[in-house]
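If you read the sequence from its start, that first residue is 1, and numbering goes on from there.
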Amino acid sequence: MEDEKIVQLYFNRDENAIKYTADKYSSKLCNISYKIIRDTCTVQECENDTYLEAWNRIPPNEPRTYLIAFLSKIIRNISI
């Protein structure tokens, strides 16, 4: 699914937004977190916290064209 459609699901408060985000970006986000933490269980917690934070930040943020950068910044901060 395209990022613009995923962001629209967040705006509609549709919980499927998290599923589609995870399907598309889970491996990339976990890779970012693992490079910082080096613990698989903690990486999974950071990934889940990232989806919650994205849910809370969209709206008002509208990262339609830069969703992966938006999520990457969130998981990096959570992992640190």
Side-chain angles (χ1 to χ4, degrees):
M1 179 175 275
E2 295 177 19
D3 289 353
E4 294 160 357
K5 292 180 181 179
I6 294 172
V7 172
Q8 188 59 48
L9 290 174
Y10 280 104
F11 269 90
N12 295 340
R13 306 317 277 171
D14 186 340
E15 293 178 7
N16 286 321
I18 295 171
K19 177 194 175 303
Y20 290 122
T21 303
D23 289 347
K24 188 168 184 180
Y25 293 121
S26 178
S27 62
K28 291 179 183 179
L29 296 173
C30 288
N31 192 17
I32 291 168
S33 184
Y34 189 79
K35 288 179 181 179
I36 297 168
I37 297 174
R38 303 272 184 205
D39 178 53
T40 306
C41 292
T42 307
V43 166
Q44 291 173 348
E45 290 178 27
C46 290
E47 180 187 15
N48 290 333
D49 290 346
T50 299
Y51 300 139
L52 176 63
E53 191 66 26
W55 181 264
N56 291 332
R57 289 188 187 185
I58 305 172
N61 293 306
E62 199 170 324
R64 293 182 191 276
T65 58
Y66 57 93
L67 183 59
I68 186 59
F70 182 78
L71 297 170
S72 296
K73 182 177 179 182
I74 293 171
I75 199 163
R76 191 173 20 258
N77 290 335
I78 289 172
S79 297
I80 290 173

Report, one line per pair, each donor and acceptor closer than 3.5 Å where one atom sits in a side chain of residues 36-43; sequence neighbours left out.
| from | atom 1 | to | atom 2 | distance (Å) |
| --- | --- | --- | --- | --- |
| Asp39 | OD2 | Thr42 | N | 3.2 |
| Asp39 | OD2 | Thr42 | OG1 | 2.4 |

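- The closest side-chain heavy-atom distance from Phe70 to Glu62 is not below 4.5 Å.
- Side-chain contact between Pro59 and Arg13 is present, with heavy atoms from C-beta onward closer than 4.5 Å.
- Atoms CD1 and CZ, from Ile74 and Arg76 in turn, are 10.5 Å apart once rounded to the nearest 0.5 Å.
- For the pair Ser72 and Tyr66, the minimum side-chain heavy-atom distance is 4.5 Å or more.
- Formation of a donor-acceptor pair under 3.5 Å by the Asp14 side chain with backbone atoms of Asn16 is found in this model.
- Rounding to the nearest 0.5 angstrom, the gap separating the CD1 atom in Ile75 from the CD1 atom in Ile80 is 11.5 Å.
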I would like to know whether Cys30 and Tyr25 meet side-chain contact (heavy atoms from CB on, under 4.5 Å); could you show each step before the answer?
CA-CA 9 Å; Cys30 288; Tyr25 293 121; over 6 Å; no
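- A distance-only check finds a donor-acceptor pair linking the side chain of Thr50 to the backbone of Cys46 [under 3.5 Å].
- Between the side chains of Asn48 and Gln44, no donor-acceptor pair is found at a separation under 3.5 Å.
- Looking only at distances, a side-chain donor or acceptor of Asn77 sits under 3.5 Å from a matching main-chain atom of Lys73.
- In terms of heavy atoms, Asp3 sits closest to Arg64 at CB-O, 3.6 Å.
- Hydrophobic clustering (ILVMFWY, side-chain heavy atoms < 4.5 Å, transitive): Ile68 and Trp55 are in one cluster.
- The minimum heavy-atom distance between Leu9 and Ala17, with the atom names listed, is CB-CB, 3.6 Å.
- Side-chain contact between Val7 and Pro63: present, with at least one pair of heavy atoms (C-beta onward) separated by less than 4.5 Å.
- Here CG of Asn61 is found 11.0 Å from CG of Asn56. Values are rounded to the nearest 0.5 Å.
- Remark: Lys24 NZ to Lys19 NZ distance equals 13.0 Å, nearest 0.5 Å.
- Between the side chains of Thr21 and Tyr10, at least one donor N or O sits under 3.5 Å from an acceptor N or O.
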Given side-chain contact (heavy atoms from CB on, under 4.5 Å), test Ser33 with Glu47 step by step and report yes or no.
CA-CA 8 Å; Ser33 184; Glu47 180 187 15; over 6 Å; no
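- Interatomic distance, Leu71 CG to Ile32 CD1, rounded to the nearest 0.5 Å: 9.0 Å.
- Put simply, OG on Ser27 and OH on Tyr34 are 15.0 Å apart, with the number rounded to the nearest 0.5 Å.
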Run Arg57 and Glu53 through salt bridge (charged side-chain N to carboxylate O under 4.0 Å, His left out) and show every step you take.
CA-CA 6 Å; Arg57 289 188 187 185; Glu53 191 66 26; 2.9 Å; yes
Stepwise, does the side-chain hydrogen bond (donor to acceptor under 3.5 Å, both in side chains) test hold for Glu4 with Thr65?
CA-CA 7 Å; Glu4 294 160 357; Thr65 58; over 6 Å; no
